[in-house]
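Structure first, commentary second.
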Number of protein chains: 2
Amino acid sequence: MASATNESGPTNADTVGLDVVHAEATARLQEAGQRYTSGRRRLVEVLAAAARPVRLPDIEALAPDLARSSAYRNLEALERCGVVERLNAGGDHAYFELAESLIGHHHHLICEDCSEIADIELDSALEHRLAGTLAAIADVAGYVPSHHSVDLYGRCSRCVAAG
Amino acid sequence: MASATNESGPTNADTVGLDVVHAEATARLQEAGQRYTSGRRRLVEVLAAAARPVRLPDIEALAPDLARSSAYRNLEALERCGVVERLNAGGDHAYFELAESLIGHHHHLICEDCSEIADIELDSALEHRLAGTLAAIADVAGYVPSHHSVDLYGRCSRCVAAG
DNA sequence: CTCAGTGCAAAGGATTTGCATGCCG
DNA sequence: CGGCATGCAAATCCTTTGCACTGAG
């Protein structure tokens, strides 16, 4: 299943403290011969504080001093090191959030109107069964599975109210 | 749940014949005051023949006579009429396939290397349970749910073999 | 005749890249 | 010092749009 490399990993977004995230980021970057600079640290802090996937404009709003190109480059570096994950929810912008190995396996609830994304969790029995079924499907198809996503689309209460 | 408007719908991609798809397309377009032109028909035929999501370059390769801008415009028109669906798998290009109301509810198996996408189905018991759980989650979050997706990522046998 | 559809060329816009400079180790 | 990191500006490239023309009813 998805957590095979994450046996002792967290199970929800609040399980791991920011200090642990910083430590992990430092270690994983160093392993790749890269530095955990203030810009990258800032990026991680923004993602941790948001507690939900954010787009580049959101990041710029929260940290106006970060140059756009550096933000993209650093997000990519953090992604390669397994600290950040990129989501494609289907708007103009990509979404970024801390990797599941840091904040735990989860899925997403997406508003089709305003594009806001919230993290959700399936009960572990269902998640387990889903993982098993998907593993079997991958096997039959000759795939080496890496991970899965479940996205729930709808309209949030605010957008419903707005008509 | 997701199939609420699709009670008598097909359950897999081969259930519905091309003629039925054309009839549906004609009807849904006409309802919107639009014509089912040869270009649009061609597009639908390409999507039906592919039996998997395709990108615009794929479409151009299969139907070189279709102008790119017209292809995009027609895919959008067909999407608005519920004949085509657009996927965001996270590559450079968007993917298009016939709508679930025509080819049945399904999910996707995505190769992280070559970006090819295949359609997959969950057994109905699991799908039903998933739908129920997601409906409950949406309810708690105050969302009006519209649909869900399950994507399985991995590496296809060809890419694994290629190293 | 009217109005939707088409194709070409140009615009739009998120993301990436080239390059010179700054800075940590 | 050496190499990674940064920021600005310019380039890329998917997708959308403007506009004049064609075609079906």
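In what follows, every chain begins at residue 1, and chains take the letters A, B, ... in the order their sequences are listed.
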Can you find a donor-acceptor pair, distance only, under 3.5 Å between B:R42 side chain and C:dG5 base?
no
Kindly indicate whether the side chain of B:S69 and the base of C:dC8 share any N or O donor-acceptor pair separated by less than 3.5 Å?
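It does, because a donor-acceptor pair links the side chain of B:S69 to the base of C:dC8 below 3.5 Å.
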For [X] and [N], what is the distance between atoms [atom1] and [atom2] respectively, to the nearest whole Å?
X	N	atom1	atom2	answer
B:H93	C:dA14	NE2	P	18 Å
B:L75	D:dT15	CG	P	10 Å
B:L56	C:dG7	CG	C1'	14 Å
A:Y36	C:dG25	OH	P	14 Å
B:N74	D:dT15	CG	P	15 Å
B:D58	D:dC14	CG	C1'	14 Å
A:L29	D:dG3	CG	P	20 Å
A:R68	C:dT17	CZ	P	17 Å

Regarding A:R155 and A:D113, does a basic nitrogen lie under 4.0 Å from an acidic carboxylate oxygen?
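Here A:R155 pairs with A:D113 in a salt bridge, since their nearest N and O are under 4.0 Å apart.
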Any carboxylate oxygen within less than 4.0 angstrom of a Lys/Arg side-chain nitrogen, looking at B:E97 and B:R86?
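A salt bridge is absent here (no side-chain N lies under 4.0 Å from a carboxylate O).
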NA contact type, [X], heavy-atom cut-off 4.0 Å: base, sugar-phosphate, or nothing?
X	result
A:R73	base
B:A77	nothing
B:R86	sugar-phosphate
A:Q34	sugar-phosphate

If you check every side-chain atom of [X], which of [options] has the closest atom?
X	options	answer
B:R35	D:dG2, D:dT15, D:dA24	D:dA24
A:A67	D:dT17, D:dG7, D:dT15	D:dG7
B:S70	D:dC14, D:dC8, C:dG7	C:dG7
A:Y72	C:dC19, C:dT15, D:dT15	C:dT15
A:D92	D:dG7, C:dC8, C:dA14	C:dA14

Is the backbone N or O of B:G82 less than 3.5 Å from a side-chain atom of B:R28, with the two atoms forming a donor-acceptor pair by type?
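It does hold such a pair.
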Counting C-beta onward and ignoring hydrogens, is there a side-chain heavy-atom pair between B:H147 and A:L152 closer than 4.5 Å?
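Not in contact.
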Out of A:L62, A:L102, A:L75, A:D58, which residue meets the side-chain contact (heavy atoms from CB on, under 4.5 Å) rule with A:L47?
A:L75
